[in-house]
Amino acid sequence: MANQLGVLNALDAAKIQWYHFTAIVIAGMGFFTDAYDLFSISLITKLLGHIYYFDALSEKPGTLPPRIVAAVNGVAFCGTLAGQLFFGWLGDKLGRKRVYGLTLMFMVIFSIAFGLSFGKSLDGVMATLCFFK
């Protein structure tokens, strides 16, 4: 407890430096990308419904079945939580800069794979989308 108070007092007494602004921007961008990802998933599910589940004779043409909506939303939220915990822990073990670069590399690769998802059946396409999400 005394050590924590010493750290907090040192932070209060420190002058604002360029490092502080850098840390704020990096933390803000991480928060922004997570928030955007979680916000956009509801729009993505509507688009997926119009693309893969369009039925002109239906009362609501182009809507995803509830189980698919639950799967896509669940994967997004659980993946965000698991990713933050895992990569945060990995950053403590291997170093923040190295893990930040690794995270960016994974995000680029899986985003491209998400856009190029494949499958013969609708459930197969949704499964690959959920996997790459």
Side-chain angles (χ1 to χ4, degrees):
M1 179 73 174
N3 188 21
Q4 290 175 346
L5 290 176
V7 170
L8 293 175
N9 289 334
L11 288 171
D12 287 340
K15 292 182 179 181
I16 295 178
Q17 300 173 0
W18 185 251
Y19 170 78
H20 294 100
F21 293 113
T22 305
I24 290 169
V25 168
I26 290 172
M29 289 305 294
F31 177 75
F32 173 74
T33 55
D34 283 341
Y36 175 76
D37 187 37
L38 295 176
F39 167 76
S40 67
I41 196 67
S42 64
L43 301 173
I44 290 170
T45 56
K46 290 180 182 174
L47 291 173
L48 290 174
H50 285 291
I51 293 170
Y52 292 110
Y53 289 89
F54 183 78
D55 182 13
L57 303 176
S58 174
E59 184 179 310
K60 291 183 177 180
T63 57
L64 286 175
R67 65 183 176 86
I68 301 294
V69 173
V72 173
N73 288 332
V75 164
F77 288 113
C78 292
T80 298
L81 176 65
Q84 287 177 352
L85 292 174
F86 176 72
F87 284 106
W89 172 80
L90 198 62
D92 290 341
K93 298 294 179 192
L94 300 178
R96 300 263 177 208
K97 287 184 181 180
R98 182 183 300 172
V99 173
Y100 185 65
L102 182 69
T103 304
L104 287 176
M105 184 178 68
F106 279 144
M107 287 175 70
V108 168
I109 291 170
F110 279 93
S111 293
I112 292 170
F114 182 81
L116 300 174
S117 290
F118 54 89
K120 291 183 180 180
S121 68
L122 293 177
D123 287 340
V125 171
M126 291 300 143
T128 58
L129 286 173
C130 286
F131 176 77
F132 289 126
K133 183 67 180 147

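Throughout, numbering of the chain's residues begins at 1 and tracks the sequence.
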Could you see if [X] belongs to whatever hydrophobic cluster contains [Y]? Use Ile, Leu, Val, Met, Phe, Trp, Tyr and a side-chain cutoff under 4.5 Å.
X	Y	result
Phe87	Met107	no
Leu116	Ile109	no
Met105	Phe86	yes

Atom pair [atom1]/[atom2] of [X] and [Y] - distance to nearest 0.5 Å:
X	Y	atom1	atom2	answer
Phe110	Phe131	CZ	CZ	5.5 Å
Leu129	Thr45	CG	OG1	11.5 Å
Lys46	Thr63	NZ	OG1	11.0 Å

- Shortest non-hydrogen contact from Leu122 to Tyr52?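 Taking every non-hydrogen atom into account, CD2-O, 3.4 Å.
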Going by atom type alone, with no hydrogens or angles, which donor-acceptor pairs under 3.5 Å involve a side-chain atom of residues 64-79 and a protein atom two or more places apart or on another chain?
from, atom 1, to, atom 2, distance (Å)
Arg67, NH2, Asp123, OD1, 3.3
Asn73, ND2, Val69, O, 3.3

- Message: Holding to salt bridge (charged side-chain N to carboxylate O under 4.0 Å, His left out), I want the full list of residues that pass it with Arg98, two or more places apart in sequence or in another chain.
- Response: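 Scan of Arg98 (salt bridge (charged side-chain N to carboxylate O under 4.0 Å, His left out), adjacent residues dropped) gives none.
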- Task: Dump the intermediate steps for side-chain contact (heavy atoms from CB on, under 4.5 Å) on Leu104 and Val108, then the final yes or no.
- Result: CA-CA 6 Å; Leu104 287 176; Val108 168; 5.6 Å; no
For residues 88-95, tabulate all N or O donor-acceptor pairs below 3.5 Å that involve a side-chain atom, not counting sequence neighbours.
from, atom 1, to, atom 2, distance (Å)
Asp92, OD1, Arg96, NH2, 2.5

